[in-house]
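Inspection log for the structure reproduced underneath, given as structure tokens.
Bear in mind the structure is a predicted one, so any value in this text is a computation, not a measurement.
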Amino acid sequence: MALMRPRSLNPTKMLGRIFVYGCLVVLAALFLAPLASMVMTSLKSMDEIRSGTLLSVPQAPTIEAWASVWSSACISIACGGLKGYFGNSFLIAVPATLISVGLGALNGYVFSTRRFQGDNILFGLILFGCFIPFQIVLIPMAGLLGMLGLAGTIPGLVLVHVVYGVCFTTMFFRNYFVTVPAEIFKAARVDGAGFWAIFFRILLPISWPIVMVSIIWQFTGVWNDFLFGVSFAAGSNQPVTVAVNNLVNTSTGTKAYNEDMAAAMIAALPTIVIYVAAGRYFLRGLMAGAVKG
């Protein structure tokens, strides 16, 4: 059998491919340069920071800045590090994410399978809630938390994020559920499945892409939030983003840039891990709900 000769790549296509990949490499380098600078600065001593440049590689890498920021750095008047505030962010982000995703899934199921008077108007109002700026709800939300006795507490901040996030999760799930063939629901009803059986046994098992989208969206939004955290939490109940801001603005003599960068990296680690581990599900889920509805 004669060996097939490999086809030579068209010079024009080769140049085009080189250009595209070259642009991607340059853009990736520009995008990652601040992150690389933060990591390298956090691993330097202050003497090395003063004698070097932002993008210079640490000559004597050390994690002293990370250890100090985690357990002993001064944040406002308390010198206990970020560890307590880091835990607060988890206590806020995890319940807020689970509750808003659960309510959004249920709302999306109702809006995609049930028809009732004013359903389109109600869904439109929920969509409108996605575009309300944070600043507009600060005063009424503060009054509501005061009436409920939740002002300055972690449960109060969870409630704020659930209220604001359920609009987005409802939209995600509704747009995904309308792509499910109606015949599936009809067959389930013929077999005797009711409202909750269809939701838990049929819809949720085939909805993991949009579930991941909603979890990633809501968790990162809650974790990275600063405005609600600084407005509705107080003292030791504040999230890590507020603590990082207070740490950076705390003046104790010499400005410790390595500690500031280490604090920023610690605050960003959970969201970085989530996007690296589940980023492909995020894109897949968004595309799955982009065809119909």
Side-chain angles (χ1 to χ4, degrees), residues 90-132 144 148 150 154-223 225 270-271 273-293:
F90 272 107
L91 293 176
I92 296 167
V94 173
T97 299
L98 295 179
I99 295 173
S100 58
V101 170
L103 291 177
L106 187 58
N107 289 343
Y109 171 47
V110 172
F111 281 116
S112 61
T113 60
R114 296 290 191 274
R115 292 293 175 264
F116 52 90
Q117 186 175 4
D119 58 338
N120 290 328
I121 296 176
L122 181 58
F123 183 66
L125 292 175
I126 292 176
L127 290 183
F128 180 73
C130 297
F131 304 100
I132 297 178
L144 176 62
L148 297 175
L150 298 176
I154 289 178
L157 200 51
V158 171
L159 176 62
V160 171
H161 285 295
V162 168
V163 170
Y164 204 88
V166 75
C167 298
F168 289 95
T169 56
T170 297
M171 178 184 64
F172 292 156
F173 278 99
R174 184 264 179 188
N175 289 346
Y176 184 86
F177 287 158
V178 294
T179 65
V180 179
E183 289 75 13
I184 294 180
F185 301 108
K186 294 179 181 178
R189 295 189 185 101
V190 170
D191 290 338
F195 180 88
W196 295 108
I198 294 175
F199 180 65
F200 284 109
R201 297 185 181 182
I202 297 176
L203 275 186
L204 286 186
I206 63 175
S207 302
W208 282 112
I210 202 63
V211 170
M212 294 302 300
V213 166
S214 301
I215 289 176
I216 294 172
W217 175 276
Q218 184 67 358
F219 183 87
T220 54
V222 175
W223 185 275
D225 169 70
T271 53
V273 171
I274 285 180
Y275 271 109
V276 170
R280 64 182 184 273
Y281 298 108
F282 187 79
L283 294 176
R284 187 185 307 171
L286 285 179
M287 295 303 296
V291 177
K292 184 180 177 183

Decide yes or no for Ile126 and Arg174: does some side-chain heavy atom of the first lie under 4.5 Å from some side-chain heavy atom of the second?
no
Is the backbone of Phe195 close enough, under 3.5 Å, to the side chain of Tyr109 for a donor and an acceptor to pair up by distance?
yes
Under a 4.5 Å cut-off applied to non-hydrogen side-chain atoms, are Thr220 and Tyr275 in contact?
yes
I'd like to know if the side chain of Thr169 and the backbone of Ser100 have a donor-acceptor N/O pair within less than 3.5 Å.
yes
Shortest non-hydrogen contact from Ser112 to Val178?
CB-CG1, 3.6 Å
Considering all heavy atoms, the nearest Ala93-Val222 contact:
CA-CG1, 3.5 Å
Can you check whether Phe185 reaches Phe177 side chain to side chain, under 4.5 Å on heavy atoms?
no
Heavy-atom pair of closest approach, residues Ile198 and Arg189:
CD1-CG, 3.9 Å
Run the side-chain contact (heavy atoms from CB on, under 4.5 Å) test against Pro95 and tell me which residues pass, sequence neighbours left out.
Val158
Can you tell me how the ring of Phe219 sits relative to the ring of Phe90, calling it parallel under 30°, perpendicular over 60° and tilted otherwise?
tilted
Hey, does Ile154 have a side-chain heavy atom less than 4.5 Å from the side chain of Leu157?
no
Is the Phe111 to Phe173 ring centre distance short of 6.0 Å?
no
Please indicate whether Arg201 has more than 12 foreign heavy atoms, meaning atoms of other residues, nucleotides or ligands, lying under 6.0 Å from its CZ.
no
Contacts of Ile215 meeting side-chain contact (heavy atoms from CB on, under 4.5 Å) (sequence neighbours excluded), chain-then-number -> Thr97, Val101, Val211
With no hydrogens and no angle check, is any side-chain donor or acceptor of Gln218 less than 3.5 Å from a backbone partner on His161?
yes
Starting from the C-alpha separation in whole Å, work towards a yes-or-no answer on side-chain contact (heavy atoms from CB on, under 4.5 Å) for Asp225 and Ile92.
CA-CA 11 Å; Asp225 169 70; Ile92 296 167; over 6 Å; no
More than 12 heavy atoms of other residues, nucleotides or ligands under 6.0 Å from CZ of Phe128: yes or no?
no
Looking only at heavy atoms, which two atoms of Tyr176 and Ile206 are closest? And how far apart?
OH-O, 2.8 Å
For Thr170, check side chain to side chain donor-acceptor pair (under 3.5 Å) against everything at least two apart and list the hits.
Asn107
For Val166 and Gly104, work out which heavy atoms get closest and say how close.
CG2-N, 4.0 Å
Relative to the ring of Phe200, is the ring of Trp196 parallel (under 30°), tilted (30 to 60°) or perpendicular (over 60°)?
parallel
